[in-house]
Asker: 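Handing you this structure, nothing more for now.
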Amino acid sequence: GHSSSPKDEL
Amino acid sequence: MNIFRLAGDMTHLLSIIVLLLKIYATKSCSGISLKTQELYALVFLARYLDLFTDFISVYNTIMKVVFIASSLAIVWCMRLHPLVKRSYDKELDTFRHYFLIGGTFVLALVLNEKFTLQEILWAFSIYLEAVAILPQLVLLQRSGNVDNLTGQYVFFLGAYRAFYILNWIYRYLTEPRFTRWIACVSGIVQTGIYADFFYYYFISWKNNSKLKLPA
């Protein structure tokens, strides 16, 4: 499936 | 990292420092909602589960630890510190925040980027953060006059997410496929909830008068 957005923010 | 996000994170850190200063300097937590502090501790615990699994950067890891540790320390202080807990406005801090937890969790089950535990908890933390300030704003309206440090605390807390909105606009314009609908929409709602507080805060600053929220 589609990948989720990278959690690079706090 | 861009200047808007850095400004946002530093403003967020500043809000926590102001709150810790208020509690430490005055040995009092009057005017502070314990429920809002508990919601923030839950937000950080639910959002930073990847603290040990996904390394982003030293900065990211340090800030996550600081946010988790400070939010838990504030809750501990307001619940257990013998001197501070006496000044907690228990009878004013009556917002039913369990509804906020339940409602945002159900929303996260429905609206998430991927139906995995980590993504559902991340979306839950984003939605919960948007409404976590409500018990605090209700308490300020009930407690009449607001002391300076508490007013500054709420102001910086609201301002940080406004910087994040600028960060999302900047990233949308500079990064080809940047889309964070959950964080963006929730962040706009979160900043909007502070709108009336910002208005009264500006008025009190302009008239150099005491901050007073209408009941």
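Just so we're on the same page: letters track the sequence lines, and every chain starts at 1.
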Asker: For the pair B:Q136 (side chain) and B:G31 (backbone), establish whether a donor and an acceptor sit closer than 3.5 Å, ignoring hydrogens and angles.
Answerer: yes
Asker: So what's closer than 4.5 Å to chain A heavy atoms on B:D54: side chain, backbone, both or neither?
Answerer: neither
Asker: Can you tell me which portion of B:F44 sits under 4.5 Å from chain A's heavy atoms? Options are side chain, backbone, both or neither.
Answerer: neither
Asker: If you count heavy-atom pairs under 4.5 Å with chain A, which of B:M63, B:R171, B:R177 comes out on top?
Answerer: B:R171
Asker: Judged by atom type as modelled, is there a donor-acceptor pair below 3.5 Å linking the side chain of B:N2 to the main-chain atoms of B:R5?
Answerer: yes
Asker: So for B:W181, is it side chain, backbone, both, or neither that comes closer than 4.5 Å to the heavy atoms of chain A?
Answerer: neither
Asker: Which answer fits B:D9, side chain, backbone, both or neither, if we ask what part of it has an atom under 4.5 Å from a heavy atom of chain A?
Answerer: side chain
Asker: Determine whether a donor-acceptor pair (N or O, by modelled atom type, separation under 3.5 Å) exists between the side chain of B:H81 and the backbone of B:V84.
Answerer: yes
Asker: Short question: side chain of B:D93, backbone of B:D89 - any donor-acceptor pair under 3.5 Å?
Answerer: no
Asker: Could you verify whether a donor N or O on one side chain and an acceptor N or O on the other, from B:T150 and B:D147, lie under 3.5 Å apart?
Answerer: yes
